[in-house]
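Letters go in sequence order (proteins before strands), and every chain restarts at 1.
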2 protein chains.
Amino acid sequence: MHEHFMILKRHNLKVTPKRLAILEILSTNQCLMTPEVVWKNLKVKMKKIGLPTVYRNLEELSKNGIISKVFHPDRKLYYYFCKSLQHHHHFVCLSCQRVEEINFCNIEEIQRSIEDKLNSKVLSHIIQLNGLCSNCLAKKSERSLKDL
Amino acid sequence: MHEHFMILKRHNLKVTPKRLAILEILSTNQCLMTPEVVWKNLKVKMKKIGLPTVYRNLEELSKNGIISKVFHPDRKLYYYFCKSLQHHHHFVCLSCQRVEEINFCNIEEIQRSIEDKLNSKVLSHIIQLNGLCSNCLAKKSERSLKDL
DNA sequence: TAGATAAATGGAAATGATTTCTATTTATCA
DNA sequence: TGATAAATAGAAATCATTTCCATTTATCTA
């Protein structure tokens, strides 16, 4: 998609077929994916693509705020980041580590709703804000700041 | 501390010197600690304590909701869990991965305040609710449920 | 439009946090 | 106090993630 081309350009990232393919996959399947899953999807269309390349690119895209990274109990998960989807909520079972996605907002209400809907018990919550700290913000180019 | 003794009892966990020591360390230093840091602290007072033991216990205590686990970009972090401290907020820089703790609440306000105070840019947030899913809840003993 | 250059890539190998295994020790409960 | 299930130590294995280095590629300029 040409949009992805432009996004990479704006962030001063080289436009490579691999990067475009990664963005394509993440934006098409708007869900949480591990680097390995992204890689397996890529291999369907591309003969040669190394797992390290996927890791490198996911990290690079995440650092630029183009995609988002979520911290799972065991592995890293990435998802396509777009303005209309600035927050993600999940419920993590402390005991079995199952992660369930949540599609509605408002913290106290969420908590009560989750408990009802999932028949579970919410013990604590973590609000994790992702962004760019002052140092990194200063290093960003004028151009790519427009995207933020 | 005798309180920790009681907590372990209520959760049907054997009361061992190691477990008490781990709880002692986490409750004394109320901050995020990696398993390795906990282990290094333990070794000051205990001659023989293995790192796997620390991992096992932190996980066990976390599964019981006695301590909490936080998902860091790179490693797992644990902190002592108490009712007066049911939520934790942090700001994670997408670029350099620095994690900064936040001590105040209210999501939109947080976002604006963070940006001002840290001179940063918040791009997205994740609300992570920790608790026990219906399956695990069902398995818990009556007795330990009182703590939740 | 080709050549120079810095960045991206593949593949193998290294790293390092976390887990597993097994024999031994220990807490608990009757 | 003895039986038993759970906890522990220490070594070794696992496995996600990163690094290394030689090769390829995107980009920018002449």
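In this structure, the CG atom of A:L42 is 13 Å from the C1' atom of C:dT9, given to the nearest Å. Summarising the geometry, the separation between OH on B:Y55 and P on C:dT19 is reported as 7 Å, rounded to the nearest angstrom. Counting to the nearest Å, the C1' atom of D:dT24 and the CE atom of A:M46 are 14 Å from each other. Residue A:L58 contributes atom CG, which lies 13 Å from atom C1' of D:dA16 at whole-angstrom precision. With rounding to whole Å, B:N12 atom CG is found 21 Å from D:dT4 atom P. Atom C1' of nucleotide D:dA7 and atom CD of B:E59 are separated by 16 Å, given to the nearest angstrom. The CG-P distance, from A:L20 to C:dA8, rounds to 13 Å in whole Å. Rounded to an integer number of Å, the gap from CD1 of A:I49 to P of C:dG10 is 5 Å.
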* Asked: Passes side chain to side chain contact (heavy atoms under 4.5 Å, CB included), A:L13 versus A:I7? Steps please.
  -> CA-CA 9 Å; A:L13 294 172; A:I7 290 173; over 6 Å; no

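Phosphate contact (OP1/OP2 of D:dG10, side-chain N/O of B:K48, threshold under 4.0 Å): present. Distances shown here put a side-chain N or O of A:R19 below 4.0 Å from the OP1 or OP2 atom of C:dA8. In this model, the phosphate group of D:dT8 is approached by a side-chain N or O of B:N57 to a distance below 4.0 Å at OP1 or OP2.
Here the nucleotide nearest the side chain of A:K18, chosen from C:dC21, C:dT9, D:dA11, is C:dT9. With D:dA9, D:dT17, C:dA12 as the choices, the nucleotide that has an atom nearest any side-chain atom of B:T53 turns out to be D:dA9.
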Check nucleotides 27-30 of chain C against the protein and report each pair of N or O atoms closer than 3.5 Å, with its distance, or say if there are none.
residue, atom, partner, partner atom, Å
C:dA27, O3', B:V15, O, 3.4
C:dT28, OP1, B:K9, NZ, 3.2
C:dT28, OP1, B:V15, N, 3.1

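We find the CD1-CG distance between A:I67 and A:L61 to be 4.5 Å, quoted to the nearest 0.5 Å.
With B:L8 as reference, B:R19 is the one residue of B:R19, B:E3, B:K14 to meet the side chain to side chain contact (heavy atoms under 4.5 Å, CB included) rule.
Between the side chains of A:T53 and A:R56, at least one donor N or O lies within less than 3.5 Å of an accepting N or O.
For the pair B:W39 (side chain) and B:P52 (backbone), a donor-acceptor distance under 3.5 Å is absent.
Residue B:I25 comes nearest to B:V38 through the heavy atom pair CD1-O, 4.0 Å, listed as atom of the first residue, atom of the second, then distance. Between B:L42 and B:A21 the shortest heavy-atom distance is CD2-CB, 3.4 Å.
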